[in-house]
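In what follows, chains carry the letters A, B, and so on, assigned in the order in which the sequence lines appear, proteins first and then strands, with residues in each chain numbered from 1.
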2 protein chains.
Amino acid sequence: MTENANDPRIVRTMHMLREALLELMEEQGFERITVKDITSKAGLNRGTFYLHYTDKFDLLDRITEEMMQGLREIAQTFDPLDLVLHESQDTPFPFSVRLFEYFGEHARFFSVMLGPKGDPAFSSKFKEFMQVHLLDKFNEFHHSEDRVPVPWDYLMAYLISAHLGIVQHWLEQGRDHTPWEMALMFTRMTQLSPIQSAGLKK
Amino acid sequence: MTENANDPRIVRTMHMLREALLELMEEQGFERITVKDITSKAGLNRGTFYLHYTDKFDLLDRITEEMMQGLREIAQTFDPLDLVLHESQDTPFPFSVRLFEYFGEHARFFSVMLGPKGDPAFSSKFKEFMQVHLLDKFNEFHHSEDRVPVPWDYLMAYLISAHLGIVQHWLEQGRDHTPWEMALMFTRMTQLSPIQSAGLKK
DNA sequence: TCCTAAAATGAACTTTGTGTTGATTAATAA
DNA sequence: TTATTAATCAACACAAAGTTCATTTTAGGA
């Protein structure tokens, strides 16, 4: 591969290849895409692809890693203390708002990758991210009392998957709400039971 | 393709191909698998594969369709009235128990397909199944009052994804609880808020 | 402006997997 | 035992993957 110089030719080429891959994934899913497809959509020589990536998996991995890095940087600004401040007020965590803004900025990527044409390994990665950066910070509250209605690990799986589902639905719907509104939904659903969220019970 | 005779040779061959595909998916994911891999793992001639399936997608589709058919048959036994009977008693819906039993019987398939090496299109299919066969039956309760804490469609996405997450976690853990216990978790989590489920609040 | 390093191109080539065909062998069921 | 048909085997054309190398183009410093 290349030593990641800041040669504008390299930057431009890699950018075109990434864009081409994302467009093709939207059209036909990752599976059916060939390197030939990618380079011809990007208007580049097929050989050029191999100057930068070993194969289409490698290309996808690099894009993914970049996105995860962005998420990690946002996660660093997360302060569990926020939860205390916003607990009983009906306002979203500023941190959640920032996350949704990021999803919105990279909607093309996330909506493909988390959708039915995407990569389930990415969903796994994303769930692990939420577990490590967010939920694990609440372990202090969890004193394994044995007399708990639902085992801790199952509650985590439930919450993480539920929140992922919200993000997926938002992206599928073409982001029909603002990041602020979405983050508020997060907060409410965590504090209410599903039946209360539906407005069937106070 | 073949007229689906009950010739034992055909039955055996198709079974071996299906088993080989699942094993390979566990190892390397669907994407990297070739027809050559499948037949050589099954100990069959490559040409034999094409006597029964057009390509690896066809093979996966057939397996999937069979499993979805099984789910649909269970769904037919679902009676919303059960919910009323079991509402305030701390017991699982018999219907949910049956679902978990089915997942357990076909654990290899579901744990691969719903896992990180699986097919995201299958997760979508499964979510749609839950939506159509289960949640849509509660639309009667939903009189779009506008003053609801969370929009109906987002609540559905939340619940479906959350339940899928529970199933995934159960399969990943090697089914460390009985179907009865799992179904009970379902029931409780639907009735309690996440904070209550954690035992942090009554 | 010219010169040099290196990125992109184009063409040729080997390898690997796909999907098909036709002749042969083996298993099944009557 | 025999007729049927599934499975095997070898050969084929084809498409895409990767690799190689000579040539052209581009970027940026002297």
- Task: Would you please indicate yes or no on a ring centroid separation below 6.0 angstrom for B:Phe100 and B:Trp170?
- Result: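 Yes, close enough.
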- Message: If the test is salt bridge (charged side-chain N to carboxylate O under 4.0 Å, His left out), which one of B:Arg12, B:Lys41, B:Arg108 qualifies with B:Glu19?
- Response: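 Answer to the salt bridge (charged side-chain N to carboxylate O under 4.0 Å, His left out) test with B:Glu19 among B:Arg12, B:Lys41, B:Arg108: B:Arg108.
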For [N], take OP1 and OP2 only and decide whether either is under 4.0 Å from a side-chain N or O of [X].
X	N	value
A:Thr34	D:dA16	no
B:His52	D:dA7	yes
A:Asn45	C:dA8	no
A:Thr13	C:dA8	yes

Atom pair distance, as rounded to whole Å: [atom1] in [X] and [atom2] in [N]:
X	N	atom1	atom2	value
A:Ile10	D:dA27	CD1	P	12 Å
B:Lys36	D:dC9	NZ	P	14 Å
B:Asp55	C:dG19	CG	P	6 Å
B:Leu51	D:dC9	CG	P	13 Å
A:Met16	D:dT26	CE	P	13 Å
B:Phe49	C:dT20	CZ	C1'	14 Å
B:Asp7	C:dA26	CG	P	17 Å
A:Glu31	D:dA16	CD	C1'	14 Å

- Item | Sidechain-backbone polar pair: B:Thr187 side chain, B:Ala183 backbone, donor-acceptor under 3.5 Å |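 Side chain of B:Thr187 to backbone of B:Ala183: a pair is present.
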- Donor on one side chain, acceptor on other, A:Arg188 and A:Ser197, under 3.5 Å: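 No - no donor-acceptor pair under 3.5 Å links their side chains.
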- Message: Whether the A:Asp61 and A:Thr64 side chains hold a donor-acceptor pair (N or O, under 3.5 Å, no angle test) is what I'd like checked.
- Response: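 Per modelled atom types, A:Asp61 and A:Thr64 side chains form no pair under 3.5 Å.
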- B:Arg46 has a side chain; which of D:dA11, D:dA6, D:dA7 sits nearest to it?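 Closest nucleotide among those given: D:dA11.
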- Message: Using only modelled atom types and a 3.5 angstrom limit, is any donor from either the side chain of B:Arg9 or the base of C:dT28 paired with an acceptor on the other?
- Response: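 Absent.
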- Along DNA chain C (nearest heavy atom to each residue), the more 5'-positioned of B:Pro8 and B:Gly47: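 Nearest-nucleotide comparison on DNA chain C picks B:Gly47.
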- Message: What I'd like to find out is whether the side chain of A:Gln173 reaches to under 4.5 Å of the side chain of B:Tyr154, using heavy atoms alone.
- Response: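 They are in side-chain contact.
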- Could you tell me, to 10°, how much the axis swings from one end of the helix from C:dT1-D:dA30 to C:dA30-D:dT1 to the other, five pairs per end?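 Rounded to the nearest 10 degrees, the bend comes out at 30°.
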- Task: Go through the steps for A:Phe49 and A:Ile38 under the test side chain to side chain contact (heavy atoms under 4.5 Å, CB included), then give the verdict.
- Result: CA-CA 9 Å; A:Phe49 179 94; A:Ile38 298 170; 4.3 Å; yes
